[in-house]
Structure formats: C-alpha cells, structure tokens
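Can you read through this structure? Questions will come right after.
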Amino acid sequence: MVQLMEEVPRERMFREDYPYRSSMSSVMREHFATTARRLLATECHGDDPFVVEIGCNDGAMLKTVAAAGVRHLGVDPSRDVVELAAAQGVRVRFDFFQESTAKEIRAADGPADVIYAANTMCHIPYVDSVFRGVDALLGPDGVFVFEDPYLGDIVERASFDQIYDEHFYLFSASSVQAAARRFGFELVDVQRLPVHGGEVRYTLARAGRRRPSPAVAELTAEEGRRQLTDSTILERFGMQVKRNCEELTALLHRLRDAGHTVAAYGATAKSATVTNYCGIGPGLVPAIYDSTVAKQGRLSPGAHIPVKPIEEFSAPYPEYALLFAWNHAEEIIARETAFREQGGKWILYVPDVRVV
Ligand code: SAM
Ligand code: TMP
C-alpha cells in the first residue's frame with residue numbers, strides 16, 4: 001500500500017465549506033450517469049433494490065438512480081454538497097460513512113444491493129471501519145464498487161499532484177485485493193477508467209459468492225511484473241517528479257523574464273501540491289481562473305495565488321495558461337477555442353512539461 005503517513009482531522013477537510021462539485025465537469029456528469037445506468041441494469045434485480053453511495057457529493061451519480069425510482073441513500077459529511085444533492089431529489093444522510101453509520105442504515109433500511117464510492121475511498125484513512133460497515137450493510141450477494149486514482153497510472157505518468165492530504169491512499173489492485181481479504185471480501189473485477197488521469201474501478205463481493213473475472217489476475221500480475229511498489233521504481237518516480245518540476249519552474253521563469261503573460265486554469269486540489277512543491281507563487285503565476293464560485297476570491301493554499309472567476313480568463317486572455325485541471329484537458333481545451341484562436345498556448349506538465 002502506498003499511503004500518506006500524516007492524517008489531517010476529517011472535520012477540517014469535510015464538513016463545512018468543502019468546495020468540490022462532481023457535476024462541474026460535463027465528462028464527469030456523463031461518466032456518473034453511465035455508471036448509474038450500468039449498476040441499475042446489472043445489480044438491481046430484486047423487487048425493491050437498495051443502492052448506497054459513500055461520498056455522493058452533489059448527487060451526480062444518485063440523481064439517475066433517484067429518477068429511476070430505485071431506493072437509495074447518499075452518505076456524505078459535507079453540508080454544502082448534500083444540500084445540492086437533496087435539491088435534486090436524492091435521499092441523503094449528512095454523515096461520515098463508518099461502521100456505526102452503516103449499522104444504523106442497515107437497521108433502518110435493510111441490506112444494500114450495491115454500495116458505491118467514487119474518489120472517496122482513497123480519502124478515508126479509517127478503511128477498516130469502512131470495510132466493517134460494508135460488511136454490516138451489504139446483502140449476501142451485493143457488491144461494493146469503488147473507483148479511485150490508480151497507483152499504476154500515477155507512477156507511469158509521474159502525476160505526483162495526485163498526492164495531497166485528501167488522497168490518503170494511492171490504491172493498486174494488489175493492495176485492494178489484500179485489504180478485501182482481511183474483511184471477508186474478494187476482489188472480483190477491475191476496470192481501468194480514463195477519468196481523472198487514470199483510475200481503476202474495483203468490484204468486491206463477499207468471499208466465494210462470485211467468480212473473479214480474468215481481469216483481476218491480469219492486473220495484479222501486471223503490477224507484480226512492473227514492481228510497482230519496489231523502492232527502485234518509486235525512487236525513479238521521485239527523480240522524474242523532481243525533473244518535471246524543475247523544467248516547469250524554469251519555463252515559467254523564462255516566460256516571465258521575457259515579459260509574457262501567464263495564468264493558471266483550474267484551482268484544483270492537485271495544484272496545491274504542484275505550487276508548494278515546485279515553489280510557484282503569484283510572482284510566476286499571478287492568477288488561477290476557476291468556475292467554482294466557492295473558490296473564487298480566495299487564495300490557493302500555501303502559495304497564495306488569487307483565484308478568480310473563469311469569466312475573467314478572457315479579459316484579456318493571458319498568452320500562456322498553465323492547465324492545473326489537466327485531468328479535464330480534453331473538455332477544457334475543446335471549450336476554450338477562442339483562447340487558442342487568438343494565439344494562446346496551454347502549458348501541461350503531466351506526463352511531461354510541454355507547451356501546446
Ligand atoms: N463521488 C464524488 C465524485 O467522484 O465526484 C465526490 C468525490 S469528492 C473528491 C469526495 C467526497 O467524499 C466529498 O463529497 C466528501 O465530503 C466525501 N467524504 C469524505 N469522507 C467521507 C466519509 N467518511 N463518508 C462519506 N463521504 C465522505
Ligand atoms: P479536479 O481536478 O479536482 O476535478 O478539479 C477541477 C477544478 O477545475 C475545479 O476547481 C473546477 C475547475 N474547472 C474549471 O474551472 N473549468 C472546467 O471546465 C472544469 C472541467 C473544471
């Protein structure tokens with residue numbers, strides 16, 4: 001398991017004022033609608049199926065389940081986002097998912113056919129309590145499905161900005177398989193996903209209830225071959241990260257010294273790792289433009305770069321835009337055609353530093 005060693009108290013990250021909105025990306029809206037339709041079609045066969053989502057955020061996935069008239073519950077501890085989900089007709093519980101929460105849900109609503117989590121399991125250090133909760137809540141033939149940034153992609157693409165306080169775990173199929181076994185579960189399927197820079201969707205069932213798909217053995221064998229958690233591989237990763245960071249700061253210094261205008265696009269959580277690790281402050285990047293109202297008018301953590309409304313990105317356009325939201329590159333570059341047409345250039349740094 002690759003994980004952080006220092007844990008930030010959960011109330012400091014997820015309670016009031018949590019700024020992430022799942023629905024702000026059109027690609028993610030489509031991803032969650034497709035996911036919901038697939039779970040409904042493949043896992044919800046009984047008379048009265050029950051779907052639970054851990055970390056439902058603004059309801060991006062569960063609103064499709066709700067619209068299908070299927071019994072469901074979203075559990076999320078961040079007030080602003082559960083209010084958004086509730087406004088979309090999603091049934092929510094404003095709470096941290098853990099063993100005690102799961103037992104209460106089971107007592108009130110009965111067993112779940114599906115427990116789903118996206119980009120949330122990796123945020124929860126107390127994974128043992130979550131697994132015991134899943135054990136208490138899941139029906140005998142139910143599935144626990146979760147997807148998170150994949151260690152294999154992080155190492156391959158040197159996407160070191162996936163490492164930050166909220167991403168406590170960087171899962172691999174091998175680590176999930178080992179964790180599942182400790183709690184009486186089995187990893188029965190894995191699926192690579194292109195979203196958020198490369199993720200894996202893990203499907204877990206109670207041990208012995210489902211035959212694992214060949215994809216599980218294939219991916220764990222590949223991880224073994226790649227020696228993903230071998231110290232030499234991780235040291236090489238560290239050196240590449242250092243190199244990319246030096247190249248990026250050198251490029252930003254050159255552009256500034258030559259009098260070019262530079263701004264950043266997307267005040268992502270990830271970008272806090274880039275700015276603080278590489279030492280990029282308002283002197284090199286005077287502003288970050290972002291569509292999230294809750295982030296606008298604030299300063300980026302640590303580096304203190306002002307975050308401004310996305311509408312101001314074009315007033316006037318900078319010559320260069322550092323794409324902090326590189327995981328949404330396709331969507332953003334396709335939409336910001338006017339920026340390119342008037343000569344603007346994007347700066348990317350994953351998997352390497354380049355200007356496009
Ligand atoms: N699932 C959404 C997605 O993929 O876009 C939201 C992901 S967001 C990065 C992580 C979410 O997990 C936040 O909404 C946060 O409030 C929630 N969260 C954090 N700890 C949790 C816990 N113990 N139980 C349930 N949700 C939790
Ligand atoms: P994420 O990388 O954690 O998904 O965060 C993406 C950030 O980028 C979020 O703060 C919103 C911002 N963003 C925009 O400003 N415009 C966009 O078109 C997209 C997709 C994201």
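Both counts, for ligands and for their atoms, begin at 1 and track the order of listing.
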Query - Atoms in ligand 2 flagged as close to Ala325, the criterion being non-hydrogen separation under 4.0 Å - result: 8 (O)
Query raised in the report: Which parts of the protein, at residue level, reach under 4.0 Å of ligand 1 through a heavy atom?
Result: Phe14, Tyr18, Tyr20, Ser22, Phe32, Glu53, Ile54, Gly55, Asn57, Val75, Asp76, Pro77, Ser78, Phe96, Phe97, Ala118, Asn119, Thr120, His123, Ile124, Tyr126
Query raised in the report: What do you reckon, does Arg21 put a non-hydrogen atom under 4.0 Å from ligand 2?
Result: no
**Report entry** Contacting atoms of ligand 2, where contact means under 4.0 angstrom from a heavy atom of Ile310
**Finding:**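 Selected atoms, number and element: 15 (O).
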Requested in this report: Could you tell me whether Val27 approaches ligand 2 through its side chain, its backbone, both or neither, with non-hydrogen atoms closer than 4.0 Å?
Outcome: neither
Report task. For Val262 and Pro318, work out which heavy atoms get closest and say how close. Result ->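 Nearest pair, atom of Val262 first, then Pro318: C-CB, 4.1 Å.
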Query raised in the report: So is Asn327 polar-close to ligand 2, meaning N/O to N/O under 3.5 Å?
Result: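 N/O-N/O distance below 3.5 Å exists for this pair.
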Requested in this report: Might you work through the side-chain contact (heavy atoms from CB on, under 4.5 Å) test for Leu73 and Ile105, ending with a clear yes or no?
Outcome: CA-CA 9 Å; Leu73 182 68; Ile105 298 169; 3.8 Å; yes
Requested in this report: Under 4.0 Å from a heavy atom of Lys295: give me the atoms of ligand 2 that qualify, with their elements.
Outcome: 9 (C), 10 (O)
Report summary line: Quick look: Ser291 vs ligand 2, heavy-atom contacts under 4.0 Å, and the answer is both
Query raised in the report: What are the atoms of ligand 2, with element, lying closer than 4.0 Å to any heavy atom of Lys270?
Result: 1 (P), 2 (O), 3 (O)
Query raised in the report: Which protein heavy atom lies closest to atom 9 (C) of ligand 2, and at what distance to 0.1 Å?
Result: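 So the nearest neighbour among protein heavy atoms is Asp290 OD2, 3.5 Å.
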Requested in this report: Examine Arg335 against ligand 2 and note whether any of their N/O atoms are separated by less than 3.5 Å.
Outcome: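 Between Arg335 and ligand 2 (N or O atoms, distance only) the closest approach is under 3.5 Å.
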**Report entry** Over 12 foreign heavy atoms within 6.0 Å of CZ, Arg37
**Finding:** yes
Requested in this report: With ring pair (Phe, Tyr, Trp, His ring centres under 6.0 Å) as the test, would you mind laying out the steps for Phe146 and Phe171 before giving the verdict?
Outcome: CA-CA 11 Å; Phe146 63 92; Phe171 294 122; 5.8 Å; yes
Query raised in the report: Out of curiosity, Ser213 OG to Glu218 CD, how far, rounded to the nearest 0.5 Å?
Result: 7.5 Å
Query raised in the report: Taking non-hydrogen atoms only, is Thr292 closer than 4.0 angstrom to ligand 2 via side chain, backbone, both or neither?
Result: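 Side chain only.
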Report task. Can you measure from CZ (Phe168) to SG (Cys122) and round to the nearest 0.5 angstrom? Result ->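 SG of Cys122 is found 11.0 Å from CZ of Phe168.
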Query - Euclidean distance, Arg91 CZ relative to Asp109 CG, rounded to 0.5 Å - result: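 Output value for this atom pair is 4.0 Å.
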Report task. Quick one: pull up CD in Gln191 and CD in Glu147 and give me the separation to the nearest 0.5 Å. Result -> 8.5 Å
Report task. Please work out whether any backbone atom (N, CA, C, O) or any side-chain heavy atom from C-beta onward of Met28 is under 4.0 Å from ligand 2, and answer side chain, backbone, both or neither. Result -> neither
Query raised in the report: Is the shortest side-chain N to carboxylate O distance from Glu166 to Arg12 below 4.0 Å?
Result: no
Query raised in the report: Going by the order shown, which atoms of ligand 2 are within less than 4.0 Å of some heavy atom of Gly266?
Result: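 Heavy-atom distances to Gly266 below 4.0 Å select 8 (O).
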**Report entry** CA sep, side-chain torsions, deciding dist, call: Val274, Leu248, side-chain contact (heavy atoms from CB on, under 4.5 Å)
**Finding:** CA-CA 10 Å; Val274 180; Leu248 179 61; 4.0 Å; yes
Query - Mode of Tyr20 contact toward ligand 2 - side chain, backbone, both, neither (heavy atoms, under 4.0 Å) - result: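 Under 4.0 Å from ligand 2, Tyr20 contributes side-chain atoms alone.
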